[in-house]
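Written below as C-alpha cells is the structure these notes are about.
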Amino acid sequence: EPQKSEDLTILAVDDQVVILELLAAMCQSMGYKIITARSPIECLALFEQNRPNLVIADMMMPEMSGLELARRLNEISPQIPIIMITGWGATVDSEKLHQAGIDYILYKPFRLEQLSDIIAKIRLSLVKK
C-alpha cells in the first residue's frame, strides 16, 4: 500500500525565515508534515528527535554548508533523501553532491510544482525500499 502523504515527515533547514515559511506552506498544502530548522545545528538535533523521511536543506548557510550537513545526516541515517536548495547560477559540483548523498537539487526561485515533483519521486523510492 503506498504511503499516504500524512505519513511523510519533512525536515527543512534554511537560515532565511522567508524560505522556510515558503517551504512550510508548500509542504502543508501538499498534505505533508513539516518541521523547520533555522540552522544546520538545530537541523541535526531535530533530525535525531524526529527521524524525518526527507530533508530539504539550503546550500549556503552560516556555521556549516549544506554539503557538510548532508554528510553528517548520511552518517546518522544512510540513504536519507536530501533535496538541496541553491541559487540560480551557483556552480554545483555534481560529483561532490553525489558523494555527500544529495540526490536532488532545487534552484531558487522554485515553484510548488518543482518541489512536489521531487517529493513525489522520493515517495516512490521510499515505497519501493
- Can you find a pair of side-chain heavy atoms, one from Val13 and one from Glu42, that are under 4.5 Å apart? no
- Message: Any non-hydrogen side-chain atom of Ile83 less than 4.5 Å from a side-chain atom of Ile122?
- Response: yes
- Kindly give the heavy-atom pair with the smallest separation between Ala70 and Met84, and that separation in Å. CB-CE, 4.4 Å
- Task: Side-chain contact test, heavy atoms from C-beta onward, threshold under 4.5 Å: evaluate it for Met61 versus Leu69 and give yes or no.
- Result: yes
- Task: Report the distance from atom CE of Met26 to atom CD1 of Ile34, rounding to the nearest 0.5 Å.
- Result: 10.5 Å
- Could you pull out all residues at least two apart from Lys121 that satisfy salt bridge (Lys or Arg N to Asp or Glu O under 4.0 Å)? none
- Query: Which residues pass the salt bridge (Lys or Arg N to Asp or Glu O under 4.0 Å) test with Glu68, sequence neighbours left out?
  - Reply: Arg71, Arg72
- Task: Please name the pair of heavy atoms, one in Ile119 and one in Cys27, separated by the smallest distance, quoted to 0.1 Å.
- Result: CD1-SG, 4.4 Å
- Query: Which distance, rounded to the nearest 0.5 Å, do you find between the OH of Tyr104 and the CG of Leu115?
  - Reply: 12.5 Å
- Query: So how far is it from Leu11 CG to Lys33 NZ, rounded to the nearest 0.5 Å?
  - Reply: 10.5 Å
- Of Leu106, Ile102, Leu97, which is the lone residue that meets side-chain contact (heavy atoms from CB on, under 4.5 Å) with Met59? Leu97
- If you measure from CD1 on Ile80 to CG on Asn74, what distance do you get to the nearest 0.5 Å? 8.0 Å
- Query: Going hydrophobic residue to hydrophobic residue with side-chain gaps under 4.5 angstrom, can you get from Tyr107 over to Ile82?
  - Reply: yes
- With a 4.5 Å heavy-atom cut-off, do Leu23 and Ile10 have their side chains touching? no
- Partner of Phe110 under side-chain contact (heavy atoms from CB on, under 4.5 Å), picked from Ile105, Ile118, Ile85, is Ile85
- OG on Ser125 to CG on Asn53, rounded to 0.5 Å: 10.0 Å
- Task: Quick one: pull up CG in Leu67 and CG in Asp93 and give me the separation to the nearest 0.5 Å.
- Result: 8.5 Å
- If Ile, Leu, Val, Met, Phe, Trp and Tyr residues are connected whenever their side-chain heavy atoms lie under 4.5 Å apart, and connections chain through other members, are Leu20 and Leu46 in the same group? no
- Query: With distance as the sole test, does Asp14 use its side chain to make a donor-acceptor pair with the main-chain N or O of Gln16 at under 3.5 Å?
  - Reply: yes
- Message: Could you tell me if the side chain of Leu54 sits less than 4.5 Å from the side chain of Leu126, heavy atoms only?
- Response: no
- Kindly state each residue pair satisfying salt bridge (Lys or Arg N to Asp or Glu O under 4.0 Å) with at least one member in residues 43-65, sequence neighbours excluded. Glu48-Arg51, Asp58-Lys108
- Message: If you define the side chain from C-beta out and look only at heavy atoms, does anything of Thr9 sit under 4.5 Å from Tyr32?
- Response: no
